[in-house]
Number of protein chains: 2
Amino acid sequence: MKRAAPRRAPTESDVAELAGVSQSAVSRAFTPGASVAETTRMRILDAAQTLGYQPNLMARSLATSRSNIVALAISYLENPFYAQVVNALSDRLRATGRHILLFTSPPGEDADPALERVLSYQVDAIVMTATTASLELALQCQKSGVPIVQINRDSTLPGISTVRGENRRAGERIAAFLYAGGHRRYAFVGGAPDSTTGRARGAAFAGYLDARGAPPVVMTHGHYTFDGAAQAVRGMLSGPDRPDAIFCASDYMAFAAIGVARREFGLDVPGDISIVGFDDVPEAGRTAYDLTTYSQPASALVEEAIKIIDLLIEDPTRRAMRREVRGQLLVRGTARVPKDGIVVENDERVWRGAEAE
Amino acid sequence: MKRAAPRRAPTESDVAELAGVSQSAVSRAFTPGASVAETTRMRILDAAQTLGYQPNLMARSLATSRSNIVALAISYLENPFYAQVVNALSDRLRATGRHILLFTSPPGEDADPALERVLSYQVDAIVMTATTASLELALQCQKSGVPIVQINRDSTLPGISTVRGENRRAGERIAAFLYAGGHRRYAFVGGAPDSTTGRARGAAFAGYLDARGAPPVVMTHGHYTFDGAAQAVRGMLSGPDRPDAIFCASDYMAFAAIGVARREFGLDVPGDISIVGFDDVPEAGRTAYDLTTYSQPASALVEEAIKIIDLLIEDPTRRAMRREVRGQLLVRGTARVPKDGIVVENDERVWRGAEAE
DNA sequence: ACAGCTATTGCATGCGCATGCAAAACCGAT
DNA sequence: ATCGGTTTTGCATGCGCATGCAATAGCTGT
C-alpha cells in the first residue's frame, strides 16, 4: 500500500483557483450572509468539495478574534452528575457550532493552573463547574471581556456569573422531610469545606432542624469523593448514638453512604437509617439504587449557563448574572416516608409537605 | 464600579515596544531554544509580565501549523471508566502543554458528525474512546498526517492505531474462574452489538465454556448503558432456568446487574448468583460495591495511547500501531470463589488458577 | 588595533482567512 | 443604446506570531 506523503491541506486560494474566482470570493462563500451570487457560490462549494477543503479555524479565529471554543474547567468528573453536565454542555454548544476545550483539575485542588493561560486560546467564554475561578483569572477575563460562568459554585469575585440549584431551599426541605418522617438524630455529609454550594445546603439543613429543637446535627465532610463520603459515614456509624438520617450533599456520596451502611454495618436502608442525596443523577432513579434525593437538573443548569454566556458575548459590558434553577424532593426508597405530603407528578413521587415554610 | 471597556489583548509588538526590541526578539524569547541573549530575554519577560502578555495560540498555531490540541471523541461518559480515561488523558497531556478539544456523542450513535470537521481545528492528534472513526475520517487523517488512536475499540480501518485491554484473555479467564467456582448456568451481558471490544470478551467467555461442555451461554446486550444492562438482567432473571453466573462487559453494567438481582429479585450476590465485571473502576474496589472484576487500567491505556501519538507525530509515515494492556482478575465479593488459585498481590486478591491455559 | 568568528538582533515575509473599499458586472427603465 | 442603481467581485490589507536571511554586535587571539 502506497503511503501518500502528508500533504498540505487545501486552502481558500486553492479552491479559488479551481473555481476561477478570487480568494475573497471563497471566503464569502463560507461566510453566512456574505455577498456572493448564488451561482458562483455553488461553483465554489463544488470546487471545495472536490478538493476536500475545510476552513482553517485557527486562521479564521485569528482574523475574527473569535474561536467558537468554550473552555470548560471541571473537577470531580467521576461524579456522574458532572458527567451529565459535560454531556449537556457539549450537546448544547454543538448546536451552535461551538466546541469544548477541556481543563480538568484533580479533586480538592483549585482550578487547573493551566487555566490561567486559557485566554491564550482566545476562548469565547469559560464555564467552570465543581471549581471556582481565581481572582487573577476573574480579572483577566473581565479585562478582556471573556465571560465566566460557574455552574454549581457561588462566587464573590467580580464579573463572575453563576448558575446553581436551590441549595438553601433544598437543605430546608430535606430537613423538613426527614423531620416529618420522625427521625431522631441527623447527620450531614458535606462536600469540600470550602465549597459554598455544599455549605449552603448543610447550613440550611442544620438551621431548620436546630430551629425545631432537634439534637445538634452531625456535620461532616465527604469532600465530594466516594471514599471521603464512605469514610465520613463509617465514622458516624461507628460511634455511639449513630444517626438515623443522613443527608449527603451529592448523590454520588449518598451511594457511598448507602453502601457503607448496608454492607459494612449490615443496616437496613431505609429501615434502620434514612439516606437522602442531592442532584438526582440518572442512576438515582433506577430501582437498582432508588435513591431519595433532591433534584438539580443538569440540563437546565447548562441551558441557563449558555443563555448567560450568549448574552455576555453579545454585550460584554453587561453585569454578571446569577441564576437559580428549581428542583424538588423526589421520594424514593432510601428514606423513611412521612405520612403526609406525597404527591405524584410525572410518574415521580414528590414531597410537598410543609411547602409553606 | 467602573467597567473598563474590553481592551485588545497585548501582542508581541506591544511587548517589543516596551522592551525596546523587535517583535521577533519577543517571539524568540518565548520560543524554547531560540537565539536570544539571556539579558534581553529577561528584559522582554519583564515587559511581558507588566503588560500581562499572553501569546495568542491561534496565531502561533497558524504560523507553525501545530496547535497543541488533541481532539478527544468520547461516548458513554456516564460510565465512570471513561471518566477515568478523560481524567488520565487530560493529566498526561497537560504535562506536555497540550489540551483536549472534546467531542461527545450520544450512546449508541456513531461518532459525533461534527468530528468530521475536527481537522479544521488543526488538532495534532485524535483520540477516540468508546467510539470508532468513520472511514472518511480515517482517510482524511491519513492524508493530512493526523494520528488517530482508539482506546478500547478495535479497528479494521487503515491508519488507525488502537490500545485496549486484553479482551480475549479476560473473557477466558473469567469463564475459567466461574467454571472453577462450580456454576451451572452462565450468561453474558455485552455492550453494543457492534462493539468489537465487547464481542471479543463475550466470544472468548462463551468459547471457553462451550469447549468444556457447559450449557449454552445466555448472550445478551446491555448496550453499555445502565438501563440496558438492567433490562437484560431483568430478562434473564425473570425466565425459567435463571443463570447463576453473569459476566458483564463493563463494571458499570455490572453495578446495574447487581442492583437488579438484589433489589428487584431479592437475590443474594454472590450466594445465589455470581456477577463479574470488567474494567475495575475505582468504585468497584470499595467495600460499598466490592465487585469481582477484570482490570483494565485506564491510566495505562492512556499512557500507551500518548506514546503512540507522540511517535506518530514525530514521524507521520510510521505505520499504525496496536497495543494491548494487561489486566488481571481481581477476586472480590460478588462472585463465588473457587477453592484454588487465589493469590494476594498488592493487597488485592487475584486469581491465578488455570493460568496455563 | 584588527581580522575572523560567533552569538544576537532586526527585517521581511508568510501562515489562511475576513473585510473595507473601489472596480466591475448586471439589471431594468427610459 | 444609455443611465442610475444594485449586486457581485477583486484588491489590498491586517490579524499575531515564527523564521530564513542578512546585518550587527560582541568576543578571541594575535
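Order of the sequence lines fixes the chain letters, A, B, ..., with proteins taken first and strands second; residue numbering starts at 1 for each chain. Here the structure is a predicted model, which means the values were calculated and not measured.
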Report summary line: Per the under-4.0 Å heavy-atom filter, residues of residues 52-64 of chain B near DNA chain C come out as B:L62, B:A63
Report task. Could you tell me whether B:D194 and B:R153 have a side-chain N and a carboxylate O separated by less than 4.0 Å? Result -> no
Requested in this report: Identify whether any heavy atom of A:V21 sits under 4.0 Å from a base atom; if not, whether one sits that close to sugar-phosphate; answer base, sugar-phosphate or nothing.
Outcome: sugar-phosphate
Report summary line: Sorted by position of nearest nucleotide on DNA chain D, 5' first, the leading residue of A:Q23 and A:R41 is A:R41
Query raised in the report: What is the distance from atom OG of B:S90 to atom CG of A:L102, rounded to the nearest 0.5 Å?
Result: 5.5 Å
Query raised in the report: Any Lys/Arg nitrogen of B:R94 or B:D91 sitting under 4.0 Å from an Asp/Glu carboxylate oxygen of the other?
Result: yes
Query raised in the report: Just checking B:V26: base, sugar-phosphate only, or nothing, at a heavy-atom cut-off of under 4.0 Å?
Result: nothing
Query raised in the report: Does the side chain of A:S134 pick up a donor-acceptor pair with the side chain of A:E116 at under 3.5 Å?
Result: yes
Query - Outermost DNA chain C nucleotides near chain A [under 4.0 Å, heavy atoms] - result: C:dG16 to C:dC21
Report task. Check every strand shown and say whether A:S35 touches a base, only sugar-phosphate, or nothing at a heavy-atom separation below 4.0 Å. Result -> base
Query raised in the report: How are the rings of B:Y76 and B:Y224 set relative to one another: parallel (under 30°), tilted (30 to 60°) or perpendicular (over 60°)?
Result: perpendicular
**Report entry** Spacing of CD belonging to B:Q140 relative to CG belonging to B:L115, to within rounding of 0.5 Å
**Finding:** 9.5 Å
Report task. Would you please indicate if the ring centroids of B:Y53 and B:F30 are separated by under 6.0 Å? Result -> yes
Report summary line: When B:R43 and A:A25 are each assigned the nearest nucleotide of DNA chain C, the 5'-most assignment goes to B:R43
Query raised in the report: Which is true for A:S27 with a 4.0 Å heavy-atom rule: it touches a base, it touches only sugar-phosphate, or it touches nothing?
Result: base
Query raised in the report: Between the two end axes of the helix from C:dA1-D:dT30 to C:dT30-D:dA1, each built from 5 base pairs, what angle do you get to the nearest 10°?
Result: 30°
Query raised in the report: Charged N to carboxylate O below 4.0 Å: is that the case for B:D124 and B:R98?
Result: no
**Report entry** Shortest non-hydrogen contact from A:C141 toward A:I148
**Finding:** SG-CD1, 3.6 Å
Report summary line: Interatomic distance, CD1@A:I126 vs CD1@A:I69, rounded to 0.5 Å, equals 12.5 Å
Report task. With heavy atoms under 4.0 Å as the rule, sort B:S65 into base, sugar-phosphate or nothing. Result -> nothing
Query - Matching residue for B:T162 among B:R322, B:E324, B:M321 - test: side-chain contact (heavy atoms from CB on, under 4.5 Å) - result: B:R322
